[in-house]
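Nothing here was measured: the structure is a model prediction, and the numbers come from that model.
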Amino acid sequence: MLLSTIFWFSITLNKTYSTSYMLYLRLPGQVYPVQVEVTGSGWALLHLSLRPPQDTLTFTVSAQEEVLPKNQLLPKIKQAFPGQVDINIISPDNIVLREASRIATKKITLIAPLAQIENLLCDSCYMATPPTIAPQQLIVEGESNRIKLLADTIVLPVYNRFIRDHFDITYRSEQLISQKGIKVKPATVRMHFRIGYFQENTLNIPVELKDFPEKGHWRVQPPYVKVRVRGKAETLSLLKSTPESIRAWVSFADASPSDSLQVQVGTSLKDIEIKKVSPSHVKLLHP
């Protein structure tokens with residue numbers, strides 16, 4: 001049994017196998033990952049697993065070199081592995097050290113700082129219109145190695161401590177770009193939006209009876225309640241024109257021995273705040 005196991009193990013290790021390693025090439029100013037495929041007999045790969053190669057290799061290149069091709073990488077990498085295995089670079093094919101200096105252009109999208117604007121609005125203010133940015137993009141031009149460092153988007157800054165009135169600000173485009181030596185078009189950018197103010201209204205709402213028994217003529221006193229609401233001016237106008245969008249009611253399930261029922265108020269419109277219901281309770285009148 002032992003001899004057969006040794007025989008099988010010997011035959012298995014004499015076969016050819018492949019595996020992959022991740023190496024790191026240390027070049028001036030940066031470390032680049034390189035994946036290599038290692039092919040060899042089972043004996044050679046077993047020996048390699050017991051004594052793995054150094055995973056970081058240092059390269060020296062001239063300042064003028066822009067690309068380190070595979071045919072220059074391979075001899076150096078092979079020195080890190082024993083001669084009984086074959087090495088093939090899987091990726092990358094070439095290491096780009098620096099791009100050749102050339103003129104490039106790029107479009108950068110401008111974004112309104114919505115969260116910052118919301119924080120700066122006064123307590124009684126809201127954005128009546130969404131921020132408008134004109135133009136919505138900057139066109140930048142410069143050396144490619146500078147252009148590639150620029151982000152695809154820029155969030156416009158807001159310097160106000162509080163925003164209480166209509167907002168209109170013009171930015172100099174060159175102030176929005178951090179890189180020097182970059183040409184920017186157009187010269188200025190404008191962002192503006194309109195401020196609205198929350199208002200309050202008081203409405204007389206009839207009190208509806210919910211889930212009451214059908215028999216009998218149930219009533220409540222008073223039959224109307226005053227409801228103070230707060231919201232945007234346009235929403236309050238809609239509330240007045242559609243009285244069915246706000247309701248007040250009492251539920252028979254809430255009836256108490258004192259016959260005092262709490263008034264519930266709800267609205268189908270968004271951004272409406274119920275500030276006060278007066279009276280908050282009404283008296284149930286039995287049939």
Side-chain angles (χ1 to χ4, degrees), residues 108-138 151-173 175-176 186 188-211 220-254 260-283:
I108 299 177
T109 301
L110 303 176
I111 301 175
L114 296 179
Q116 186 182 4
I117 290 173
E118 291 287 353
N119 289 333
L120 294 176
L121 290 174
C122 65
D123 292 340
S124 59
C125 302
Y126 64 93
M127 279 191 292
T129 60
T132 300
I133 301 174
Q136 292 185 326
Q137 289 184 324
L138 295 179
D152 295 329
T153 60
I154 293 178
V155 179
L156 295 176
V158 176
Y159 305 108
N160 302 51
R161 180 173 295 181
F162 298 106
I163 300 177
R164 300 177 180 274
D165 207 343
H166 297 335
F167 186 90
D168 196 326
I169 185 172
T170 299
Y171 303 87
R172 292 174 56 192
S173 299
Q175 295 178 332
L176 302 174
T188 59
V189 174
R190 178 179 177 236
M191 179 174 69
H192 64 97
F193 55 89
R194 188 171 61 83
I195 293 292
Y197 296 90
F198 290 107
Q199 298 179 5
E200 291 190 5
N201 278 346
T202 300
L203 306 172
N204 284 325
I205 309 294
V207 180
E208 301 176 19
L209 305 182
K210 184 178 180 182
D211 301 329
V220 292
Q221 184 64 33
Y224 287 82
V225 290
K226 293 183 181 295
V227 179
R228 192 167 79 228
V229 294
R230 182 177 188 267
K232 299 176 181 178
E234 54 270 26
T235 309
L236 292 181
S237 296
L238 183 60
L239 192 63
K240 284 185 176 181
S241 62
T242 56
E244 67 276 6
S245 60
I246 185 169
R247 298 173 55 226
W249 70 91
V250 292
S251 175
F252 186 76
D254 297 333
S260 177
L261 296 176
Q262 183 175 0
V263 180
Q264 307 290 331
V265 177
T267 175
S268 59
L269 300 180
K270 294 182 178 180
D271 302 322
I272 290 291
E273 180 185 359
I274 308 298
K275 298 291 291 184
K276 186 178 180 181
V277 179
S278 180
S280 61
H281 290 72
V282 293
K283 184 175 180 59

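For the atom pair OH (Y224) and CD1 (I205), the distance works out to 9.5 Å, reported to the nearest 0.5 Å. Rounding to the nearest 0.5 Å places NZ of K283 at 10.0 Å from CD of Q221. For the atom pair OG1 of T202 and NZ of K226, the computed distance is 7.5 Å after rounding to the nearest 0.5 Å. Taken to the nearest 0.5 Å, the CG atom of L236 stands 11.0 Å off from the OG atom of S241. Of the inter-residue distances, the one linking F198 atom CZ with S124 atom OG reads 8.5 Å to the nearest 0.5 angstrom.
No side-chain heavy atom of V189 sits less than 4.5 Å from a side-chain heavy atom of T170. Under the 4.5 Å side-chain criterion, counting only non-hydrogen atoms from C-beta, P222 is in contact with P279. Side-chain contact between L121 and I195: present, with at least one pair of heavy atoms (C-beta onward) separated by less than 4.5 Å. In this structure the side chain of L114 reaches within 4.5 angstrom of the side chain of P131, judged on heavy atoms. K232 has its side chain out of reach of Q199: every pair of non-hydrogen atoms, C-beta onward, lies at least 4.5 Å apart. Using a 4.5 Å heavy-atom threshold, the side chains of L239 and V229 count as touching. Residues P223 and P206 have side chains not in contact (no heavy-atom distance under 4.5 Å, counting atoms from C-beta outward). Under the 4.5 Å side-chain criterion, counting only non-hydrogen atoms from C-beta, T153 is not in contact with I108.
At least one donor-acceptor pair closer than 3.5 Å links the side chain of T267 to the backbone N or O of L269. Of the possible polar contacts, one joining the S173 side chain to the P186 backbone as a donor-acceptor pair under 3.5 Å is found.
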Task: Test log, rule side-chain contact (heavy atoms from CB on, under 4.5 Å), inputs V265 and R247 - done: CA-CA 6 Å; V265 177; R247 298 173 55 226; over 6 Å; no
Task: Verdict with supporting geometry, E273 and K275, salt bridge (charged side-chain N to carboxylate O under 4.0 Å, His left out) - done: CA-CA 6 Å; E273 180 185 359; K275 298 291 291 184; 3.7 Å; yes
- [ ] Mind running side-chain contact (heavy atoms from CB on, under 4.5 Å) on K276 and V227 for me, showing each step along the way?
- [x] CA-CA 6 Å; K276 186 178 180 181; V227 179; over 6 Å; no
- [ ] I would like to know whether L156 and I111 meet side-chain contact (heavy atoms from CB on, under 4.5 Å); could you show each step before the answer?
- [x] CA-CA 6 Å; L156 295 176; I111 301 175; over 6 Å; no
Open item on the list: Between M191 and D168, does the side-chain contact (heavy atoms from CB on, under 4.5 Å) criterion hold? Intermediate values first, please.
Closed with: CA-CA 6 Å; M191 179 174 69; D168 196 326; over 6 Å; no
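Ring geometry for F193 versus F167: interplanar angle under 30°, hence parallel rather than tilted (30 to 60°).
Applying side chain to side chain contact (heavy atoms under 4.5 Å, CB included) to I272 and the options T235, I246, L238 leaves one that passes, T235.
Remark: E234 CD is packed, more than 12 non-hydrogen atoms of other residues, nucleotides or ligands lying under 6.0 Å away.
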